[in-house]
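The shown structure was predicted, so the numbers you read here are calculated from the model rather than taken from an experiment.
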Amino acid sequence: MTETPDSQISSPVSETPHQSTSVNSSWMDGIATGWSWTTQQLKGLFPTDQIAQTVVQWFSVNETQIAEILEKVRAELPTTEALLIGKPQAGKSSIVRGLTGVSAEIVGQGFRPHTQHTERYAYPSNDLPLLIFKDTVGLGDINQNTELIIQELIGDLQQESQGARVLILTVKINDFATDTLRTIAQSLRKKYPNIPCLLVVTCLHELYPSQIDNHPIYPPDFEDINRAFAELKLAFKGLYDQAVLIDFTLEEDGYTPVYYGLEALRDTLADLLPEAEARTIHQLLNGEVNNQLGNIYRDVGRRYILAFSIMAATVAAVPIPFATMPVLTTLQVSLVVLLGNLYGKTLNLSQAGGLVSAIAGGFLAQMIGRELIKFIPGFGSVIAASWAAAYTWALGEGACVYFGDLMGGKKPDPQKIQVVMEEAFKTAKERFKGINESK
């Protein structure tokens, strides 16, 4: 197995991990561009336009049907929209990390301006969101107009939403300058009394006794924390439905567990949300949702992988050593571009080529070796064709793992990708064995 350094495997993709992609516009445009480029390579391989057109139609993928599948899945998703309201450094992004499992870096990059005073983050993607977080910005800034912030938040809530909504008031355990936050909460509560509101009190370790250097058994039972929590609940009396204590830190802070009070936050949110959304929160934290969404994307992606694998076999069957390598490369790079678009990642041809080199590892050397077999008349072409199909399939599976990790907010694991590719290659070799005879 050839291991690929993390820096190498992460570099080809655009730095925008949760880029907004429309199923009916930019996503489809990317599909059309990549497919057009690939079909031009096929037309150059076959002797007449009629034959080339027949081959292109034979292997075409119904993009409209795929788009309809994604639209249907999105319509049925139990999406929860959480409006996070609190001062900077109150722990709002930490709540996002705790509920999604993504890194602090990715959370920061994923938030994008929504209105002047809110930023939006959809998890795991904008096309198929399970959780939509809106983070307020500018609270506590004396130069900001509180009334303007309130009007923008009300405007956000007035927009129609098929999913459940919840307000999350976030305040540090030792912050009692809460007048602005309380004013906003009062206005929203008055306007939308049916939207549940959760008071989340954070940064508990800042009031731990001096001799305590780690989290105690939850919930913490320290006099300073109990008194501060009671005062904050009194300050926001009538403005929230439930309150919970949490302390979400970074690993380098040295506290264990990192997400102290996560189960309490999850269970409290579940009490406030409809059944479907509550179940999704539980499944999300257990990893079940990511697996389900990964399977949805993988099933759609395999439509492309299959078509490109058969095309690769067709190209590789040309009995001229190395002559087909450039066309095979263009096919495989096109496949990666299309899969990237499917997962909401926009790659140009150069980036896709770099990603192919990064995740393929030692497969490329093996592929060149297989091309030499074409010097053996007849037998060599059959092996080369089936091998090219299997390699293309394995490359597609590896790309799905790579893009799936990015979509889920994780750093792609080179070793995991290599294992997936090796297993996929073994399976695909059997699947495509004798592919030439079936034509």
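Interatomic distance, OG of Ser386 versus CZ of Arg431, reported as 13.0 Å (0.5 Å rounding). Annotation: the span from Ile217 atom CD1 to Asp221 atom CG amounts to 11.0 Å, rounded to 0.5 Å. Taken to the nearest 0.5 Å, the CD atom of Glu81 stands 11.0 Å off from the CG atom of Leu131. Between atom NE2 of residue His205 and atom CD1 of residue Ile225 there is a gap of 10.0 Å, rounded to the nearest 0.5 Å. Between the CD atom in Gln418 and the CD atom in Gln415 there is a gap of 9.0 Å [rounded to 0.5 Å]. Taking CG of Leu169 as the start and CG of Leu83 as the end, the distance is 9.0 Å to the nearest 0.5 Å.
Phe222 has its ring centre less than 6.0 Å from the ring centre of Tyr208. Between Phe248 and Tyr260, the distance from one ring center to the other does not fall under 6.0 angstrom. For an aromatic pair to be called close, the ring centres must be under 6.0 Å apart, and Trp393 with Phe308 fails this.
Of the N and O atoms on the side chains of Thr268 and Gln242, not one donor lies less than 3.5 Å from an acceptor on the other residue. Under 3.5 Å, the side chains of Arg165 and Tyr192 contain no donor-acceptor pair of N or O atoms.
Side-chain atoms of Leu265 and Leu99, non-hydrogen and from C-beta on, do get closer than 4.5 Å to each other. Using a 4.5 Å heavy-atom threshold, the side chains of Leu153 and Thr136 count as touching. With a 4.5 Å cut-off on side-chain heavy atoms, Tyr402 and Leu355 count as touching. Residues Lys172 and Val201 have side chains not in contact (no heavy-atom distance under 4.5 Å, counting atoms from C-beta outward). Proximity of Lys416 to Asp405: side-chain heavy atoms (C-beta onward) are separated by under 4.5 Å at one or more points. Between Arg302 and Glu397, the closest side-chain pair of non-hydrogen atoms falls below 4.5 Å. Arg120 is not listed as a side-chain neighbour of Phe133, based on a closest heavy-atom distance of 4.5 Å or more. Counting heavy atoms from C-beta outward, Lys87 and Leu181 have side chains that stay 4.5 Å or more apart.
Here the closest heavy-atom approach between residue Val336 and residue Phe403 is recorded as O-CE1, 3.8 Å. Of all heavy-atom pairs between Tyr343 and Cys400, the closest is OH-CB, 3.5 Å. When all heavy atoms of Gln332 and Val356 are compared, the pair lying nearest together is O-CG2, 4.3 Å. Scanning all heavy atoms of the two residues, the minimum distance from Val333 to Ala352 falls at CG1-CB, 3.7 Å. Between Ile173 and Cys203, the shortest heavy-atom distance links the atoms CG2-O, 3.2 Å. The nearest pair of heavy atoms linking Leu347 to Gly340 is CD1-CA, 4.2 Å.
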| query | Which is it for Val96 and Leu84 under the side-chain contact (heavy atoms from CB on, under 4.5 Å) test, yes or no, and what are the steps along the way? | reply | CA-CA 9 Å; Val96 178; Leu84 299 162; 3.8 Å; yes

| message | Set out, in order, the CA-CA distance, both residues' side-chain angles and the distance that settles side-chain contact (heavy atoms from CB on, under 4.5 Å) for Leu269 and Val166, then state yes or no. | response | CA-CA 8 Å; Leu269 275 174; Val166 60; 4.2 Å; yes

| request: I would like to know whether Lys134 and Glu119 meet salt bridge (Lys or Arg N to Asp or Glu O under 4.0 Å); could you show each step before the answer? | output: CA-CA 5 Å; Lys134 290 184 180 177; Glu119 293 180 332; over 6 Å; no

| said: Could you go through Ile305 and Thr392, starting from their C-alpha distance and side-chain angles, then the distance that decides it, and tell me whether this counts as side-chain contact (heavy atoms from CB on, under 4.5 Å)? | reply: CA-CA 7 Å; Ile305 296 173; Thr392 303; 5.8 Å; no

| When you look at Arg298 and Val401, which way does the side-chain contact (heavy atoms from CB on, under 4.5 Å) test go after all the steps? | CA-CA 9 Å; Arg298 188 75 64 85; Val401 174; 3.5 Å; yes

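When the options Ile95, Ile85, Ile246 are evaluated for a side-chain contact (heavy atoms from CB on, under 4.5 Å) with Thr170, the one that passes is Ile95. Here the options are Leu204, Asp247, Ile212, the test is side-chain contact (heavy atoms from CB on, under 4.5 Å), and the partner is Pro220; only Leu204 passes. For the side-chain contact (heavy atoms from CB on, under 4.5 Å) with Tyr240, the qualifying choice from Leu272, Leu199, Leu167 is Leu199, the only one to do so.
Within the 3.5 Å criterion, the main-chain N or O of Ala164 finds no donor-acceptor partner in the side chain of Thr80. Asp241 contributes a side-chain N or O that, together with a main-chain N or O of Cys197, makes up a donor-acceptor pair within less than 3.5 Å.
A 6.0 Å sphere centred on CD of Glu252 holds more than 12 heavy atoms belonging to other residues, nucleotides or ligands. Residue Glu206 qualifies as enclosed at atom CD: its count of foreign heavy atoms under 6.0 Å is above 12.
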